[in-house]
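Below, chain A is the first sequence line, B the second, and so on; all start at residue 1. Quick caveat: nothing in here was measured; it's all calculated off a predicted structure.
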Amino acid sequence: MSNQTPIRVRFAPSPTGNLHIGGARTAIYNWAFAHANEGTFVLRIEDTDPLRSSAENTAQIIRSLRWLGLNWDEGPETGGELGPYLQTERFDTYDKALARLQERGNAYPCFCAPEELHNKREAALAAKQNPVYDRCCRDIDPDEAQQRIVAGEPHTWRLKIPLDRGAISFDDTVYGTVTVPLEQLDDFILVRSDGKPTYNFVVCVDDALMQISHVIRGDDHLSNTPKQILVYEALGYPTPQFAHLSMILGSDGKRLSKRHGATSVEAYQEAGYLPEALVNYLALLGWSLDGETTIIDADTLKTQFSLDRISKSPAVFDEKKLDWVNQSYLKELGSAGFVDAWLPYLEADGLATAAKVAEKRSWFEDIYPLVVERVHTLSEINPLVNYLFGETVSLDEKSVEKCLAGEGTGELLESITALLQDENLKWEHEALDTALRGLAEQRDIKPKIVFQALRVATSGNMVSPPLLESLELLGREVTLARLEAAKPFAG
RNA sequence: GGCCCGUUCGUCUAGCGGUUUAGGACACCGCCCUCUCAAGGCGGAGGUCACGGGUUCGAAUCCCGUACGGGCUACCA
């Protein structure tokens, strides 16, 4: 790469809610692109809408980004040369930008009343015409305009777009050349009558002043881009390279929303997904390394990510595949990492405290190989291993019927009890396995009958993690107590 | 209404005019393994590359239309 201008990208969420799956993917692409090109990743909060924005949402978004491991080089909390990074702290910057536009003769005041504009719009729409502003204030004599402003007449400021251009076109990294006829663009409002700047204005000012080289964002902004290019030009600033991302859809092909279930990063965190897995899955939703690889860790993303492999069409979010990716990350965790990740769930369900886990660390770590290939998320662990905790266990009715109620099972449980009571039997899964198989042979029944009866008696269910390892974790005493408690249910 | 954009197995995608009988992954089905469930191994089914026209010796790949989907068209972001 022989770029003269340094690579600088930004993620610019507006804190009108928490961090969304779609926003997270945009952040991942920006973050990965910055790293892959030794660039700078900037976080900017677009909180200019006081009604919909909140500090809590900003904090929430920041928390989610941190959790995902998408750390920024400049932005809230970290600071930077080109801040502040909250738009609400940048109003003076926007005032200056407007002044710059005024000096350059590229902005003019508009005194049209909102309802007047609205009526014209409706009329144009009714006449099936393109509802662009008719520029009736564009040619008001500057002196007259100045007098009206001084007299306190309400006004907005509009961009004086060049009318001598046939079309605006730009080269989008993802979509290629996009061309929009000039007649589609109007002298849109830069600053409202209350003095507040609009989105299409501030986004350009900020990106220009923060020296953003590549704008990577959702494709809902693709149509806004020509307008923004006009703002850059009017300001006399260079235009960044644009790369627009298609949106993420729900399983029904409609835009991802609450009806599809969890859509916030936080919800996936609570559901027990690992941040590395979410990042991996999301990165692959609209981008591919080579079309073959599905497990791509953060380090690989940080070196191999490229904008030219982003796909143009929208992608459907598939939770099943996320589950699979998450499980493969769980398998990479190792027992120590697994217990650390599991701890919050143990505490939340009251199964164990941090102190208890520290005390019986190896006992908890031994659970790892038993459950890791049986769960997709951390939140699935507790229901699966619940039976390993406490003295007693409740027996599942169906399982009792199927594996305990049969004739002779009571007698079988007695034999098992006798066998397990023997202090000479080493309480270790291989020894237990040998002993129990011996019992089956002795009674001339399939080992499965023995194992299933014992499984239901000790775990409460005919489906459980490996039996013998479970007994090992349960200990002889608890195992025998549970056998005793199960006998009344046996046939 | 106008303009912009998209369309490869159910889903995520590979594919940049011939090496393609369209490859991989998830999901699905079967077999093996097996104390249940998983995990794993092996195998299978699944795509007339939205449709219709061109261009070309040759098209999923290039061009034009049509359909469907999405976006923008605000004193929202």
Who pairs with A:Asp134 by side-chain contact (heavy atoms from CB on, under 4.5 Å), at least two apart in sequence or on another chain?
A:Lys120, A:Cys136

For this output row, return yes or no: ring centroids of A:Trp287 and A:Phe305 closer than 6.0 angstrom.
yes

For residues 15-27 of chain A, which side-chain donor-acceptor pairs fall under 3.5 Å, sequence neighbours excluded?
| unit_1 | atom_1 | unit_2 | atom_2 | d |
| --- | --- | --- | --- | --- |
| A:Arg25 | NH1 | A:Leu285 | O | 2.7 |
| A:Arg25 | NH2 | A:Ser246 | O | 2.3 |
| A:Thr26 | OG1 | A:Gly22 | O | 3.1 |

Under 4.0 Å between any heavy atoms, over every strand shown, what does A:Arg217 touch: base, sugar-phosphate, or nothing? Just pick one.
nothing

For A:Thr225, report the nucleic acid contact type (base, sugar-phosphate, nothing); a contact means any heavy atom under 4.0 Å.
nothing

Sub-6.0 Å ring centroid separation between A:Tyr199 and A:His221:
yes

Do any N or O atoms of the protein come closer than 3.5 Å to N or O atoms of nucleotides 71-75 of chain B, and which pairs are they?
| unit_1 | atom_1 | unit_2 | atom_2 | d |
| --- | --- | --- | --- | --- |
| B:G71 | OP1 | A:Arg255 | NH1 | 3.3 |
| B:G71 | O2' | A:Asp220 | O | 3.3 |
| B:G71 | N2 | A:Ser223 | OG | 3.3 |
| B:A74 | OP1 | A:Arg121 | NH1 | 2.4 |
| B:A74 | OP2 | A:Arg121 | NH1 | 2.7 |
| B:A74 | OP2 | A:Pro131 | O | 3.3 |
| B:C75 | O2 | A:Ser193 | N | 3.0 |
| B:C75 | O2 | A:Ser193 | OG | 2.9 |
| B:C75 | N3 | A:Ser193 | OG | 2.9 |
| B:C75 | N4 | A:Cys112 | O | 3.3 |

Taking atom C1' in both B:G69 and B:C37, compute the distance separating them and give it to the nearest angstrom.
42 Å

Report, one pair per line, the protein and nucleotides 20-23 of chain B atoms (nitrogen or oxygen only) whose separation is under 3.5 Å.
| unit_1 | atom_1 | unit_2 | atom_2 | d |
| --- | --- | --- | --- | --- |
| B:G23 | N2 | A:Gly291 | O | 3.0 |

More than 12 non-hydrogen atoms from neighbouring residues, nucleotides or ligands closer than 6.0 Å to CZ on A:Phe489, yes or no?
no

Have a look at A:Leu284 and say if it touches a base, only the backbone sugar-phosphate, or nothing, with a 4.0 Å heavy-atom cut-off.
sugar-phosphate

Is A:Pro314 touching bases, backbone alone, or none of the nucleic acid, heavy atoms closer than 4.0 Å?
sugar-phosphate

Euclidean distance for C1', B:U61 against B:C49 (whole angstrom):
10 Å

Classify A:Gly253 by what it touches in the nucleic acid, base, sugar-phosphate, or nothing, heavy-atom distance under 4.0 Å.
nothing

Nearest non-hydrogen partners of A:Leu395 and A:Val456, listed with the distance:
CD2-O, 3.3 Å

Taking atom C1' in both B:G10 and B:A27, compute the distance separating them and give it to the nearest angstrom.
8 Å

Got a sec, which residues hit side-chain contact (heavy atoms from CB on, under 4.5 Å) with A:Lys320, two or more places apart in sequence or on another chain?
A:Asp318

Counting side-chain heavy atoms from C-beta on, which of B:C35, B:C12, B:C4 comes nearest to A:Val180?
B:C4

Taking only side-chain N and O atoms of A:Ser464, does any of them lie within less than 4.0 angstrom of OP1 or OP2 on B:U36?
no

Would you indicate what A:Glu183 reaches in the nucleic acid, counting non-hydrogen atoms under 4.0 angstrom: base, sugar-phosphate, or nothing?
nothing

Tabulate protein N/O versus nucleotide N/O from nucleotides 28-34 of chain B, keeping only pairs under 3.5 Å, one per line.
none

So what does A:Thr48 touch, heavy atoms closer than 4.0 Å: a base, only the sugar-phosphate, or nothing?
sugar-phosphate

Could you check whether A:Lys331 gets within reach of a base, just the sugar-phosphate, or nothing at all, counting any heavy atom under 4.0 Å?
sugar-phosphate

Indicate every side-chain donor-acceptor pair of residues 200-210 of chain A with a distance under 3.5 Å to a residue at least two apart or in another chain.
| unit_1 | atom_1 | unit_2 | atom_2 | d |
| --- | --- | --- | --- | --- |
| A:Asn200 | OD1 | A:Gln228 | NE2 | 2.9 |
| A:Asp206 | OD1 | A:Arg90 | NE | 2.7 |
| A:Asp206 | OD1 | A:Arg90 | NH2 | 3.1 |
| A:Asp206 | OD1 | A:Tyr94 | OH | 3.2 |
| A:Asp206 | OD2 | A:Gln87 | NE2 | 2.8 |
| A:Asp206 | OD2 | A:Tyr94 | OH | 2.6 |
| A:Asp207 | OD1 | A:Arg10 | NE | 2.9 |
| A:Asp207 | OD1 | A:Arg44 | NH1 | 2.8 |
| A:Asp207 | OD1 | A:Arg44 | NH2 | 3.1 |
| A:Asp207 | OD2 | A:Arg10 | NE | 3.3 |
| A:Asp207 | OD2 | A:Arg10 | NH2 | 2.9 |

Taking only nitrogen or oxygen atoms into account, show me every contact under 3.5 Å that the protein makes with nucleotides 59-66 of chain B, one pair per line with its distance.
none

So A:Thr177, base contact, sugar-phosphate only, or nothing? Heavy-atom distance under 4.0 Å.
sugar-phosphate

By side-chain contact (heavy atoms from CB on, under 4.5 Å), A:Asn106 pairs with (sequence neighbours left out) A:Leu101, A:Arg104, A:Ala234

Whole-Å P distance, B:G18 and B:G54
22 Å

Determine the contact category for A:Thr179: base if any of its heavy atoms lies under 4.0 Å from a base atom, sugar-phosphate if only primed atoms, P, OP1 or OP2 are that close, otherwise nothing.
sugar-phosphate

What about the rings of A:Phe33 and A:His214, do their centers lie closer together than 6.0 Å?
yes

Using salt bridge (charged side-chain N to carboxylate O under 4.0 Å, His left out) as the criterion, list what pairs up with A:Arg443, not counting sequence neighbours.
A:Glu411

Taking the inter-plane angle between the rings of A:His244 and A:Phe170 on a 0 to 90° scale, is it parallel (under 30°), tilted (30 to 60°) or perpendicular (over 60°)?
perpendicular

Think A:Arg158 forms a cation-pi with A:Phe188, using NZ or CZ under 6.0 Å from the six-ring centre and within 45 degrees of its axis?
no

Figure out the CG/P separation between A:Asn461 and B:C35, and round it to whole Å.
19 Å

Between P of B:A77 and CD of A:Gln228, the distance in whole Å
12 Å

Gap in Å between the two C1' atoms, one belonging to B:G23 and one to B:G40, rounded:
23 Å

The criterion is side-chain contact (heavy atoms from CB on, under 4.5 Å); which residues satisfy it with A:Asp308, sequence neighbours excluded?
A:Ser306

Please list, chain by chain and in numerical order, all residues satisfying ring-ring contact (aromatic ring centres under 6.0 Å, His included) with A:Tyr268, sequence neighbours excluded.
A:Tyr273, A:Phe317

